[in-house]
Amino acid sequence: MHRKLPLLGVVLAAGLFSIPAVFPAEHWAVFTDRRQNPLILEAMQSGDLADALETARALGRREDVYVADILSGLLSRRQELPILFLLRAVFPPAESSRILSERLSANTQGLDELAAGLGGFSLALRREVLRLLRHSGNRAYDGQVLLQAAWLGERLRAQGGRAEAELAGLALEVLAYAESSANPVFLDAVLRLQESSRSAPIAHRAAAVAAELAKGASGNPGEW
């Protein structure tokens, strides 16, 4: 098995496009760079779901972290599970904020597309995207996250304050973003989350975030 790895690298460098037909993408994607992204996307969309998920994991071990064009292609077909696996592989939750910020800055176009589609995703993917928006440190995303905060408040009120696990996770991620932004424009939305939730973790976190945001509310809360 180990004898084949150098051969794969040589063949990929030579640009032989027959590789996807011979080897599953999860076995060769790790040896590629962004030049082979169209091939990887084609393999992820033409194979079965298990292969696509393994390919997404392989991309997390690749030296070249640029995957914005792969994300764009997956988004065009609403392939949420491969997107989720790809995001967790290339931007792992356990990674440091500094490295995540560097990786995200290399994929700004993909992050912009994820932010633009945020309201149409599943709860799990929304939470993952919010995590990345927070680590990007880009305040241009505050508007999209504020819309999510408002949606969450309405959803919680409609459910009598009850929050299933995925909804609670999303609410906590919105609160983490609001806190990291330190933007007082989130204060009203955070207070509404506190008032509308019967979940102790959400209510307690919202109270703490609201207290921090209130410290800056005497400035110019409309500036974002």
Under 6.0 Å from the six-membered ring centre of Y141 and within 45° of its axis: does the NZ or CZ of R131 meet both?
-> no
First locate atom CD1 of I83, then atom CG of L125, and finally report the distance between them rounded to the nearest 0.5 Å.
-> 6.0 Å
Side-chain contact, heavy-atom cut-off 4.5 Å: W28 with L39?
-> yes
Mind checking whether D142 and L146 have side chains closer than 4.5 Å, heavy atoms only?
-> no
Is a donor on one side and an acceptor on the other found under 3.5 Å between the side chain of T32 and the backbone of A29?
-> yes
Knowing that exactly one of L170, V174, L118 qualifies, which makes a side-chain contact (heavy atoms from CB on, under 4.5 Å) with W151?
-> L170
Mind listing the closest non-hydrogen atom pair of A89 and R103 along with its distance?
-> O-NH1, 4.5 Å
One should read off an interatomic distance between Q79 CD and L84 CG, to the nearest 0.5 angstrom, of 13.0 Å
Heavy-atom closest contact (S105 atom, T108 atom, distance) = O-OG1, 3.1 Å
Separation between CG (L213) and NZ (K215), nearest 0.5 Å, reads 10.0 Å
Do S197 side-chain atoms and L193 backbone N/O form a donor-acceptor pair below 3.5 Å?
-> no
Would one find more than 12 heavy atoms of other residues, nucleotides or ligands at under 6.0 Å from atom CZ of R198?
-> no
Side chains of S96 and I99 in contact at under 4.5 Å (non-hydrogen atoms) | yes
Min side-chain heavy-atom separation L87-V67 under 4.5 Å | no
Look at atom CZ of R134 and say whether more than 12 heavy atoms of other residues, nucleotides or ligands are closer to it than 6.0 Å.
-> yes
L86 versus L53: any side-chain heavy-atom pair under 4.5 Å?
-> no
Report the distance from atom CZ of R127 to atom CG of L172, rounding to the nearest 0.5 Å.
-> 7.0 Å
Using modelled atom types only, decide if a donor and an acceptor are shared between the side chain of S101 and the backbone of S97 within a distance under 3.5 Å.
-> no
Under 3.5 Å, side chain of N107 to main-chain N/O of G110, donor-acceptor pair present?
-> no
Value rounded to 0.5 Å, distance of CD in E26 from CZ in R61 = 9.5 Å
Do side-chain atoms of R126 reach the backbone of G119 as a donor and acceptor pair under 3.5 angstrom?
-> yes
Report yes or no: does N37 contribute a side-chain atom to a donor-acceptor pair with the main-chain N or O of I70 at less than 3.5 Å?
-> no
Could you go through the side-chain hydrogen bond (donor to acceptor under 3.5 Å, both in side chains) check for R162 and S199 one step at a time?
-> CA-CA 7 Å; R162 296 182 299 276; S199 166; over 6 Å; no
Under the 3.5 angstrom rule, does the side chain of S72 hit a backbone N or O of D69 as a donor-acceptor pair?
-> no
Of all heavy-atom pairs linking V129 and A115, the shortest is CG1-N, 4.4 Å
E173 and E128, any side-chain heavy atoms less than 4.5 Å apart = no
Does the pair N183 and Y177 meet the rule for a side chain to side chain contact (heavy atoms under 4.5 Å, CB included), with working shown?
-> CA-CA 10 Å; N183 190 339; Y177 182 101; over 6 Å; no
Report the C-alpha distance between L71 and L111 in whole Å, list the side-chain angles of each, state the deciding distance to 0.1 Å, and finish with yes or no for side chain to side chain contact (heavy atoms under 4.5 Å, CB included).
-> CA-CA 9 Å; L71 279 171; L111 195 59; over 6 Å; no
Residue list, side-chain hydrogen bond (donor to acceptor under 3.5 Å, both in side chains) with Q159, at least two apart or on another chain | R155, E164
Where V190 and A178 come nearest, the two heavy atoms and their spacing = CG2-CB, 4.0 Å
Donor-acceptor pair, D33 side chain versus D64 backbone, under 3.5 Å?
-> no
Could you tell me which non-hydrogen atom of R78 sits nearest to which non-hydrogen atom of G120, and how far apart they are?
-> NH2-O, 2.8 Å
Counting heavy atoms not belonging to Q109, are there more than 12 under 6.0 Å from its CD?
-> no
Rounded distance (nearest 0.5 Å) linking atom CD of E212 with atom CG of L175 | 13.0 Å
What's the verdict on side chain to side chain contact (heavy atoms under 4.5 Å, CB included) for I40 and R62, showing C-alpha distance, side-chain angles and the deciding distance?
-> CA-CA 12 Å; I40 295 170; R62 191 174 75 167; 3.6 Å; yes
Which is it for E179 and R205 under the salt bridge (Lys or Arg N to Asp or Glu O under 4.0 Å) test, yes or no, and what are the steps along the way?
-> CA-CA 10 Å; E179 182 178 42; R205 186 79 171 107; 2.7 Å; yes
Residues H27, E54; criterion side chain to side chain contact (heavy atoms under 4.5 Å, CB included); working and verdict | CA-CA 9 Å; H27 295 321; E54 288 303 317; over 6 Å; no
Which heavy atom of E80 sits nearest a heavy atom of S122, and at what distance?
-> OE1-OG, 2.8 Å
Sequence neighbours left out, what pairs pass ring pair (Phe, Tyr, Trp, His ring centres under 6.0 Å) with at least one residue falling in residues 61-105?
-> none
Taking only residues two or more places apart in sequence or in another chain, which ones pass side-chain hydrogen bond (donor to acceptor under 3.5 Å, both in side chains) with E195?
-> none
